Undergrad: 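Here it is, the structure in full.
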Amino acid sequence: MVNSISKSQPRSNLPGDFAIWIFIFAELLVFGIFFVAYAFARSYDVELFNASQSTLTREFGAINTIVLITSSYFVVRAVTAIKNDNSKICVNWLGAALFMGSIFLVIKMIEFYGKFSEGINMSTNTFYMFYLSLTFFHFMHVILGMVILTAILLKARQGGYSAKDHTGVETGASYWHMVDLVWIILFPLIYIIR
Amino acid sequence: MQYSSQAVAKPYFITAIALFAFQILFGLIIGLQYMLGDFLFPILPFGIAKIIHINLLIILILFGFMGASYYIVIEEAEQELHNPKLAIILFWIFLITSILSLLSYLFISYATLAKITGNYLQPTMGREFMEQPTIIKLSFVMVLGAFLYNIGMTIQKGRKTTINTILFTGLIGLTLLFLLTFYNSKNLVLDKFVWWWFVHLSFEALWLLIMVPLLAFVLLKLTNINREGIEKWLYLIIALVLLSGVISIGHHYFWIGAPEYWQWWGTIFSLIEPIPLLMITLFAFKILNSSRHQHPNKAARFWVLGTAVMAFLGAGVLGFLQSPAPLNYYTHGTQITVAHSHLAFYGTYVMIVLTMISYAMPLLQGRAANSKRSQKWEIWSFWLMNISMILMTLFIGAVGILQVYLQRFSETPLPFMMVQEKLIVFNWLREFTGVILLIGFVTYIISFFVAAKDMESIQKNS
Amino acid sequence: MSQIRPCTYVWLILILLTFFAFVVGKLELGGITIIATILLSTLIKGQMVADYFMGLHRVRWKWKIIMYSWLLLVIGLIGFAYSLGLK
C-alpha cells in the first residue's frame, strides 16, 4: 500500500478536466444544502421523520450503496488500466461499472414503484418530500454519470485514450465518484439516522 | 469595420441609445410620482408611465441585441450579411411598431386600445411585459423570425464559431419564449405559471445566452487572445447558466398556487444561480489580465468589466438574497424586487448593449477607437451611470427593507399608504440618483459629439 | 501484480462500514453515541472516496481543502441538527 502511494508523484492539478470540477463543486454545494435542509427539517418533527423512515426498505438502500461503491471501484481500476496503456482492460472495467450503475437504477426504480403504488408522493409529508426529491435528484445524476461513462467507453474502445492522453477517462471518473460520494452521505442520512 | 454590411447595426445602436434616454425620463417621472402622487395626473398616471418605462427597456434591449447580433455574426462568420436590405426594412418595421405601441399607451386609454386592437378575440394584453396589443406582438414575432432567418443564413454560409452558435441559440430561445406571450389562460394559476416561464426563462436563462457571447466577443477583440482557450469556458458557463436557470424557476412558484415542495426546490436550486454569473466575472477578468495587447479603445474595457461585475451584483447577488422561500415570504412584490430588477436589467442587459456600442460604434464610423478626449467623457459617464445605479439600487433596497418591516414583519403592521409616507426620504434620495443617472447619460451623449468633432479636426488637418 | 492494490483495501473498508451502518439501521438504533459513530464512519467513507477513488490525496492542498471542508461542514451540520432534535 505504502509502496504504490509513494510511487505516485505529487501533482498540483485535479484529475481530469478542470471544467468538470466546477460542476462537481457546484453539485456538491447543492446536495450539501439539500442534506443540511433535510437534517434541520427533521429536527423540527423527529417523530414524523422516524415513523416515515421506518417504512423504507433499508436493504435497498444498503445494497445500492454497495453497488455504487463497487461501481466506483471499477472505475478506479479503469483509470489504472488506461494509465498502463491498456485500453481493452479499461473498457472492460468501464463496462462493469456501467453494469453496476444499471443495477442501481433498477433497484431504485423498484423502490420508487413500491412507494408510488402506495400512493406516496411529494406532498405526502416533509419526509417523503425530501426522500423523493433527494433520491430522484441523485437518480438523475446516476443517469448523467452513466451517459458520460458510456461516451468514454465508446471512445476508449476505438483506442481514443492512452497512457499519455487519458484526461477524458479521469474526467468521467471524477464525476462518477462524486455521484458515489453523494450517495455515501445520503444513505445514512435518510435510511439510517433516527 | 471589415465588412460593409456591418453598417446595418448602426441604426439599431442609435435607436437603443435614444430609447434609453426616454426610459430614464419615464423612470424619473415614476420616481417623482412616488412622492407627488398627482404629478402629471391625469395626462400620465403612474400605471401608464410604468408600462412605458418597462416596455422601453425591453425594446431597447431588443434593438441592442439585434444590432449587436448583426455586427458579431457577420464578423464571426467572415461573411457579408445574407440580406442587408432586409435588416434595414426590419429596423423600420420594428421601430415604427414599437413607437406606435408606446404612443398608444400614452394617448389612448388602455381599455380603448385593447378594444380597437381586437384583444377580445384572443386576449393577450394587460400583463407586465406583455402589455403590447396582440397585433404589435405579432409584428414583433415576424420581425424576430425574419431577423433569425437573415442571421441564420449568414451563419450557415460562413465560418462556424462557438460565439455564433451560442448567440444564435440564445436568439432562437428569445423568439420562442416570446410566443408564450400569446397564451392567456382564464385560470389565474396557469396564467401565472406561463407568465413566469416567459419572464424567468427569458431573463434568467436564455437572454444570458445572448449576453455571454456578446461579452466574449468584445473580450476577444479587446485582447486579441487565442480563442481556442476560451471556447470550453463559454460552453461551461452557458451549461451552468441553463442548468441553474431552468431548475431555479421554482423560486417563482412559492406563492402562486404550486405545491408546497416547490418552496424547498426553489430555495435550494436558486442557491447555485449566482455561480455562472460569478464565473462570467472571473472569466472577463482572467481574459483581460492574460493579454498585454493594448487596444486603443480604453472605454470599452471599462464597459466590458463593468458589465461582468454589475451582472453579478444585480442579477446574482441581489437575486440570491431574496430567493430563499422564508425570506421571499416577506419580500415578494415589495420594493426589494424592484431594487433587484433595476440592477439586474441595467447591469446585465442594458450594460452589455452599451458595451457593444462602445466597442462597435467607433469602428462603424471608420476608426479603431474614439479620441482620447471623447473616451475621457465616456469613462466619466461610465462611472456616473454605474455609481448612480448602485446607489439607486441601495436606496430602493432601503425603501424595500423598511416597507417589509413596517408593513409585513412588524408585530403591529401599518397599512400600505401609511408605510408609503414613511418612505418618502428614501424615495427622494432614489429620485436624486435618477438625476445623476441622467447627468451620466448626457455625459455619454456628449462623448459621441466630442468624438465626431475630434474626428473632423483630424480629417481637416490631414 | 499479485499484490492487492490499495484501492481494493479501500473498497473493502467502504463495504464493511456500509454493512455496519445497515445493521445499525436495521436495529433502528438511535441516540447521540450511535449516530456520532455513524457520522464518523460516513466521514471516513467520504474522505476515502475523495482521497483514493477521486485521487485527491495527490492534489494540491487548496483543492483538498474544498472537499474536506465540504465533508466536515455537511456531516457536522447533520450531527448538529440531529442533536437539536434529541430533547
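Because the structure is predicted, anything quoted here is derived from the model rather than measured. Naming convention: chains lettered A, B, ... in sequence-line order (proteins, then strands); numbering from 1 in each chain. Hydrogens, waters and symmetry mates are skipped; everything else that's a heavy atom, side chains included, is used.
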Undergrad: Given a strict heavy-atom distance threshold of 4.5 Å, which part of C:Leu43 is in contact with chain A: side chain, backbone, both, or neither?
TA: neither
Undergrad: Answer yes or no: is there a side-chain heavy-atom contact under 4.5 Å between A:Thr65 and C:Leu14?
TA: no
Undergrad: With the side chain counted from C-beta on, respond yes when C:Arg5 and A:Thr80 share a heavy-atom pair under 4.5 Å apart, and no when they do not.
TA: yes
Undergrad: Among C:Trp61, C:Phe53, C:Phe80, which has the most heavy-atom pairs under 4.5 Å with chain A?
TA: C:Phe53
Undergrad: To the nearest 0.5 Å, what is the distance between OH (A:Tyr175) and CE (C:Met54)?
TA: 10.5 Å
Undergrad: Can you say whether C:Ile38 sits under 4.5 Å from chain A via the side chain, the backbone, both, or neither, judging by heavy atoms?
TA: side chain
Undergrad: Can you see which heavy atom on A:Ile192 is nearest to which on C:Ala21, and at what distance?
TA: CD1-O, 3.2 Å
Undergrad: When rounded to the nearest 0.5 angstrom, what distance separates OG1 in A:Thr70 from CH2 in C:Trp11?
TA: 5.5 Å
Undergrad: Which atoms of C:Ile35 come close to chain A, meaning under 4.5 Å heavy atom to heavy atom: side chain ones, backbone ones, both, or neither?
TA: side chain
Undergrad: Side chain from CB out, backbone as N, CA, C, O: work out which of these in C:Leu56 comes under 4.5 Å of a heavy atom of chain A, or both, or neither.
TA: side chain
Undergrad: Any donor and acceptor pair, going by atom type alone, linking the side chain of C:Tyr82 with main-chain N or O of A:Phe40 inside 3.5 Å?
TA: no
Undergrad: If you measure from OG1 on C:Thr18 to CG on A:Leu68, what distance do you get to the nearest 0.5 Å?
TA: 10.0 Å
Undergrad: Do you know which of A:Val79, A:Ile69, A:Val46 has the most heavy-atom pairs under 4.5 Å to chain C?
TA: A:Ile69
Undergrad: Heavy-atom pairs under 4.5 Å with chain A are the metric here; pick the option from C:Ile66, C:Val24, C:Leu39, C:Leu71 that has the most.
TA: C:Ile66
Undergrad: If the plane angle is over 60° it's perpendicular, under 30° parallel, otherwise tilted; pick one for A:Phe25 and C:Trp63.
TA: parallel
Undergrad: Can you tell if the side chain of A:Val36 reaches within under 4.5 Å of the side chain of C:Leu73, non-hydrogen atoms only?
TA: no
Undergrad: Out of C:Ile75, C:Leu29, C:Thr8, C:Ile34, return the one with the most heavy atom pairs under 4.5 angstrom to chain A.
TA: C:Thr8
Undergrad: Looking only at heavy atoms, which two atoms of A:Trp21 and C:Met67 are closest? And how far apart?
TA: CZ3-CE, 4.0 Å
